[in-house]
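Notes for the one structure printed next.
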Amino acid sequence: MEVISRTACFGGTLQRVRHRSAACNCDMVFSIYLPPQAASHPVPVLYWLSGLTCTDENFMQKAGAQRSAARLGMAIVCPDTSPRGTDLPGEHDSYDFGSGAGFYVNATQAPWSGHYRMYDYVTRELPALVEQNFPVSSGKGISGHSMGGHGALVCYLRNPGVYQSVSAFSPICHPSACAWGQKALSAYLGEDRNDWVAYDAALLIGDAQEKLPLLIDQGTEDNFLTDQLKPSTLEQACIANHYPLNLRMQEGYDHSYFFIATFIEDHLHQHAQGMGLV
């Protein structure tokens with residue numbers, strides 16, 4: 001591991017770290033915020049998954065989460081959104097596929113299967129690395145925005161007992177039925193839609209083996225609300241399966257980090273409750 005930068009923040013430290021990833025077969029960078037409490041004892045971790053075009057830095061620079069995380073005693077880890085430096089054919093041609101758009105899946109199709117294994121990276125490799133090298137406990141929560149909200153829901157639903165809390169902002173709730181999801185899933189996983197089910201929260205929720213309270217915030221002025229995000233589809237699946245969903249439609253808010261910054265404290269508090277911090 002190589003620490004790229006270390007910055008003091010609200011009594012704790014914000015670090016960017018580069019390491020060689022076995023899952024993605026390339027160098028990966030993640031950001032980690034350690035609250036002041038980590039100087040004296042291990043603290044639980046919130047994993048934040050970012051959206052299309054983002055890196056590990058967007059959330060740390062724009063969400064304003066460190067103040068609350070420092071008060072609550074919670075670490076935050078932000079991975080990148082895709083492998084980098086692989087330069088596969090077509091990887092950099094569009095914003096919604098390839099670079100910055102790993103969709104948190106394990107690709108099965110060439111040439112993507114050699115590197116685009118973000119699901120294993122987020123659920124297995126990165127937590128193991130963080131727990132081995134930083135003063136954190138095994139307590140975990142997961143959240144994210146847009147493509148990252150999709151990733152957070154899928155990682156939680158497929159790994160019962162691993163996370164103590166879950167939430168999302170403007171998640172892609174039903175990727176099998178939207179253009180972003182169809183483009184990514186068909187290329188990464190192939191054309192058989194049965195293989196897409198494992199990465200579609202609206203289709204997974206009915207088989208949920210645990211039912212942690214799910215908080216989702218969605219802006220009513222989000223340009224992607226109807227065509228890409230489809231929260232009503234997830235809401236109907238939750239109703240049908242008696243899953244505890246708190247879907248808050250926030251009047252006047254869009255898809256930006258101004259929206260996330262407005263409501264991030266509510267999410268951190270819910271994660272703190274799940275982790276036993278409050």
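Because only heavy atoms are used, hydrogens play no part in the values below, and waters and symmetry mates are left out as well, while side chains stay in.
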Should Phe134 and Val77 be marked as a side-chain contact (heavy atoms from CB on, under 4.5 Å) after you check the CA-CA gap, both sets of side-chain angles, and the distance that decides it?
CA-CA 11 Å; Phe134 295 93; Val77 169; over 6 Å; no
Apply the test side-chain contact (heavy atoms from CB on, under 4.5 Å) to residues Gln270 and Asn246: give CA-CA distance (whole Å), side-chain angles for both, the deciding distance (0.1 Å), then the verdict.
CA-CA 11 Å; Gln270 173 152 318; Asn246 182 11; 5.6 Å; no
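Side-chain N/O atoms of His267 and Ser167 include a donor and acceptor closer than 3.5 Å. Side-chain contact, Asn58 with Ser50: no donor N or O sits under 3.5 Å from an acceptor N or O.
Each salt bridge (charged side-chain N to carboxylate O under 4.0 Å, His left out) pair with one or both residues in residues 150-171, not counting sequence neighbours, would appear here, but there are none.
For Tyr188 and Tyr116, the gap between ring centers is short of 6.0 Å.
In this view, Lys183 and Asp96 satisfy the salt bridge (charged side-chain N to carboxylate O under 4.0 Å, His left out) rule, not counting sequence neighbours. Not counting sequence neighbours, the partners of Glu2 by the salt bridge (charged side-chain N to carboxylate O under 4.0 Å, His left out) test are Arg18. For Gln250, the side-chain contact (heavy atoms from CB on, under 4.5 Å) partners are Asp217, Arg248, Tyr253, Phe259, Phe263, not counting sequence neighbours. Scored by the side-chain hydrogen bond (donor to acceptor under 3.5 Å, both in side chains) test, Tyr243 finds Tyr156 as partners (sequence neighbours excluded).
Side-chain contact between Phe103 and Leu189 is absent, with no heavy-atom pair separated by less than 4.5 Å. Contact check for Cys173 versus Thr233: no side-chain heavy atoms found under the 4.5 Å cut-off.
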Could you give the side-chain donor-acceptor pairs of residues 61-69 under 3.5 Å, partners two or more places apart or in another chain?
residue, atom, partner, partner atom, Å
Gln61, NE2, Glu57, OE2, 3.3
Gln66, NE2, Met60, O, 2.9

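By the 6.0 Å contact criterion, CZ on Phe258 is open, its count of non-hydrogen atoms from other residues, nucleotides or ligands being 12 or less.
Taking the six-membered ring where tryptophan is involved, the planes of Tyr121 and His19 are essentially parallel, since the angle between them stays under 30° and well short of 60°.
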